[in-house]
Amino acid sequence: PATIVLDIVERQPVAMLRSEATGEAYIIDREGMLLRPKLLAGLRDPGKLTQVPLLSGVSEKDTAGYQAMARLVTMMQSLDSGALRASIGELHRTPTGDYVAFSSETQTPIFIGSPFETEFRTALEMQREGGVAKAAMPLFDRQLDLLAKLWRSKLQNELRLGNVLYVDARFGGQIVLKHKTQNADI
């Protein structure tokens with residue numbers, strides 16, 4: 001009866017965010033909680049901070065923005081054993097709401113688009129389907145899944161060769177590589 005039981009659960013870092021105003025680094029955990037720099041002193045494994053991507057294009061005052069980006073990082077971690085997430089050094093949100101990831105090894109931009117984009121369908125395709133919308137996975141999720149599957153098998157090695165300008169994952173059912181000399185579809 002005179003016993004106190006404490007259950008301590010350490011927060012796991014998912015991403016880092018640099019304050020635009022002060023330049024201070026913040027850590028974001030799985031639940032989207034923003035941890036201030038003074039709270040970082042007690043980290044058991046500070047090396048984990050170098051393994052999480054930097055979020056840019058969002059302010060520490062934009063709670064919904066950085067929480068959405070943290071969810072995206074967590075989602076990327078769940079795809080294809082987390083190989084893609086482990087290779088992302090920075091995740092940037094553009095002023096239009098699109099996301100661009102930069103590989104940690106080569107800093108190659110990977111255009112992944114916006115979760116709010118809808119798949120383009122012609123009037124003929126809609127007529128064939130009877131005007132009923134597809135109940136499939138959203139375009140953004142399908143493209144991220146495709147990107148993660150191709151990452152380990154082809155894309156990562158292709159980027160390491162150093163002749164890729166960017167990767168574009170915004171086109172339904174394909175990932176486009178822009179080489180320094182030519183365009184190639186995978």
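What's counted below: heavy atoms across the whole structure, side chains too, no hydrogens, waters or symmetry copies.
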Measure from the side-chain N and O atoms of T108 to the backbone N and O of Y166, and report whether any donor-acceptor pair falls under 3.5 Å. no
Name all residues meeting the side chain to side chain contact (heavy atoms under 4.5 Å, CB included) criterion together with S104; count only those two or more places apart in sequence or in a different chain, and write none if there are none. none
Just how far is it from atom OG1 of T74 to atom CD of E31, taken to the nearest 0.5 Å? 9.0 Å
For F102, the ring pair (Phe, Tyr, Trp, His ring centres under 6.0 Å) test, sequence neighbours excluded, returns none
Check G65 against R93 and note the closest heavy-atom contact, atom names and distance. CA-NH1, 3.5 Å
Residues in side chain to side chain donor-acceptor pair (under 3.5 Å) with E90, at least two apart? S56
Looking only at heavy atoms, what is the nearest atom pair of Y99 and A68, with distance? OH-CB, 4.1 Å
Answer yes or no: is there an ion pair linking E105 with R160, defined by an N-O contact shorter than 4.0 Å? yes
All heavy atoms of V14 vs all of P53, minimum pair found to be O-CD, 3.4 Å
Under the 3.5 angstrom rule, does the side chain of R18 hit a backbone N or O of G23 as a donor-acceptor pair? yes
Donor-acceptor contact present, side-chain T22 to main-chain S19, <3.5 Å: no
How long is the straight-line distance from CZ of R170 back to CD1 of I112, given to the nearest 0.5 Å? 10.5 Å
Looking at side-chain heavy atoms only, is the closest gap between V164 and L155 below 4.5 Å? no
Any side-chain heavy-atom pair from W151 and I88 closer than 4.5 angstrom? no
Heavy atoms only: give me the nearest V58-Y66 pair and the separation to one decimal. CG2-N, 3.6 Å
First locate atom CG of L177, then atom CG of L165, and finally report the distance between them rounded to the nearest 0.5 Å. 10.5 Å
Should L35 and I28 count as side-chain neighbours, where that means a heavy-atom distance under 4.5 Å? no
pair H92-M69: side-chain heavy atoms closer than 4.5 Å: no
Would you say K178's side chain and D168's backbone share a donor-acceptor pair under 3.5 angstrom? no
Is there side-chain contact between L144 and R142, with heavy atoms separated by less than 4.5 Å? no
Working to the nearest 0.5 angstrom, can you tell me the gap between L91 CG and R85 CZ? 10.5 Å
Can you tell me if Q143 uses its side chain to pair, donor with acceptor, with the backbone of G173 under 3.5 Å? yes
Could you go through the side chain to side chain contact (heavy atoms under 4.5 Å, CB included) check for D141 and M75 one step at a time? CA-CA 9 Å; D141 295 351; M75 181 177 141; 3.3 Å; yes
Any side-chain heavy-atom pair of F116 and D98 under 4.5 Å: no
K61: which residues meet the side chain to side chain donor-acceptor pair (under 3.5 Å) condition with it, sequence neighbours left out? none
Step-by-step side chain to side chain contact (heavy atoms under 4.5 Å, CB included) determination, V167 to V176: CA-CA 6 Å; V167 177; V176 177; over 6 Å; no
May I ask you to decide if S103's main-chain N or O and Q107's side chain share a donor-acceptor pair within less than 3.5 Å? yes
Nearest heavy-atom contact between S87 and A83 is OG-O, 3.1 Å
To the nearest 0.5 Å, tell me how far I27 CD1 sits from L17 CG. 9.5 Å
Residues which pass side chain to side chain contact (heavy atoms under 4.5 Å, CB included) with S153, listed by chain and number, not counting sequence neighbours: L150
Under the side chain to side chain donor-acceptor pair (under 3.5 Å) rule, collect the residues that match up with D29, sequence neighbours excluded. R11
Nearest heavy-atom contact between E158 and N163 is O-OD1, 4.0 Å
Atom pair CD1 (I175) and CD1 (I110), whose distance is rounded to the nearest 0.5 Å: 9.5 Å
